[in-house]
Amino acid sequence: MSTPKFRRTAVAVAAAALLPLSLAACSDSDSGTKAAPSSAAGDEAKTSATPTEDTMTDDQPFGPACAGVPKEGAGSFDGMAKDPVATAASNNPALSTLVTAVKQAGLVDTLNNAENITVFAPTNDAFAKIPKADLDKVLADKATLTKILTYHVVGEKLTPKQLEDGSFETLQKGMITTKGSGENYTVNDVSKVVCGNVKTSNANVYIVDTVLMPK
């Protein structure tokens, strides 16, 4: 065999031997390159799927009294979200005294037909703090009762963030102030929000532990 021909044969053999190794190396390199975006995409999906604390507070009811809200039916959070505020409150057992007062004042239609309002709704226990004789007197006085109830209503939907340091005009034309953060808020420094950010079809509701009195 001549020397040139021998060299050509040797080069061909060497190339044939190295080709599979080169292909394998390329294959491993491609696999590593493709795996990285997949992992990054997974991390991105996890990040986008994990709600922040602010998102959770803005979207969900919060507070100790929320545990007493029925899990199902018209009085549940899902059920209340389908009804206007006066109707929704009538389905919540903890707000029965408030509902009675709203009916006495003739405000059912006013509240149900209002758009984008916030209601600070006193619980039955909140009304129970008022001596019975005084409460009965207020319930019998439609003008006074209307002033008290409309003092609990603000003409816009308030988010928890807005309650951190807020001052708002009520439908009664008086002012209320709010303070707090996270899941702890007070109204006029005397009434605590015990179940906040409850949605109805036309209102945001903050259930409070003390009846607010117009100043």
Side-chain angles (χ1 to χ4, degrees), residues 57 60-105 107-108 110-112 114 117-141 144-154 157-160 162-163 166 168 170-172 174 176-180 182-215:
T57 301
Q60 300 176 5
F62 62 85
C66 291
V69 175
K71 303 299 182 185
E72 298 178 348
S76 67
F77 291 130
D78 288 342
M80 292 178 72
K82 298 174 183 177
D83 292 322
V85 64
T87 301
S90 70
N91 293 319
N92 188 319
L95 301 177
S96 59
T97 305
L98 173 62
V99 172
T100 297
V102 168
K103 290 178 179 178
Q104 287 284 96
L107 292 174
V108 172
T110 299
L111 295 177
N112 276 348
I117 60 175
T118 294
V119 177
F120 294 93
T123 62
N124 295 343
D125 290 340
F127 281 101
K129 293 179 181 180
I130 303 173
K132 187 177 185 306
D134 293 340
L135 180 58
D136 289 343
K137 184 177 180 180
V138 169
L139 290 174
D141 185 341
T144 299
L145 183 60
T146 298
K147 288 181 181 179
I148 293 174
L149 293 177
T150 53
Y151 184 65
H152 289 74
V153 183
V154 173
K157 284 187 176 180
L158 301 177
T159 65
Q162 289 175 279
L163 300 188
F168 310 100
T170 70
L171 296 191
Q172 183 265 340
I176 62 171
T177 59
T178 59
K179 295 179 181 178
E183 297 188 356
N184 298 299
Y185 297 93
T186 57
V187 185
N188 288 354
D189 294 322
V190 296
S191 189
K192 293 181 179 180
V193 174
V194 293
C195 183
N197 207 29
V198 179
K199 310 291 187 181
T200 75
S201 65
N202 68 328
N204 286 352
V205 178
Y206 294 88
I207 299 174
V208 295
D209 70 352
T210 303
V211 177
L212 305 171
M213 293 298 178
K215 297 177 181 180

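- Under the rule for a salt bridge (Lys or Arg N to Asp or Glu O under 4.0 Å), K103 has no partner lying at least two apart in sequence or in another chain.
- When all heavy atoms of G63 and E183 are compared, the pair lying nearest together is N-OE1, 4.2 Å.
- Formation of a donor-acceptor pair under 3.5 Å by the S191 side chain with backbone atoms of V187 is not found in this model.
- Between T177 and N188 the shortest side-chain heavy-atom distance falls below 4.5 Å.
- The minimum heavy-atom distance linking K157 with Q162 is given by the pair O-OE1, 3.5 Å.
- Under the side-chain contact (heavy atoms from CB on, under 4.5 Å) criterion, D141 pairs with A143, T144, not counting sequence neighbours.
- Applying the side-chain contact (heavy atoms from CB on, under 4.5 Å) rule to K179 yields the partners T186, D189; only residues at least two apart in sequence or on another chain are considered.
- Side-chain contact between K137 and L135 is absent, with no heavy atoms from C-beta onward closer than 4.5 Å.
- Between the side chain of N204 and the backbone N or O of P160 there is no donor-acceptor pair closer than 3.5 Å.
- Legend: residues meeting salt bridge (Lys or Arg N to Asp or Glu O under 4.0 Å) with D78, ordered by chain and number and at least two apart, are absent.
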Side chains of residues 206-215: which donor-acceptor partners sit under 3.5 Å, not counting sequence neighbours?
| residue | atom | partner | partner atom | Å |
| --- | --- | --- | --- | --- |
| Y206 | OH | L158 | O | 2.7 |
| D209 | OD1 | K192 | N | 2.8 |
| T210 | OG1 | K129 | NZ | 3.0 |

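- Within a 6.0 Å radius of NZ in K82, no more than 12 heavy atoms belonging to other residues, nucleotides or ligands are found.
- Residues A88 and M80 come closest through the heavy atom pair CB-O, 3.7 Å.
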(message) Please evaluate residues L163 and F168 with respect to the criterion side chain to side chain contact (heavy atoms under 4.5 Å, CB included), reporting the C-alpha separation (whole Å), side-chain torsions for both, the decisive distance (0.1 Å), and the verdict.
(response) CA-CA 10 Å; L163 300 188; F168 310 100; 4.2 Å; yes
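- Contacts classified as side-chain hydrogen bond (donor to acceptor under 3.5 Å, both in side chains) and involving residues 84-100 (residues at least two apart or in different chains) are given here: T87-N112, S96-N124, T97-N124.
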(message) side chain to side chain contact (heavy atoms under 4.5 Å, CB included) for T200 and D83? Distances and angles first, verdict last.
(response) CA-CA 6 Å; T200 75; D83 292 322; over 6 Å; no
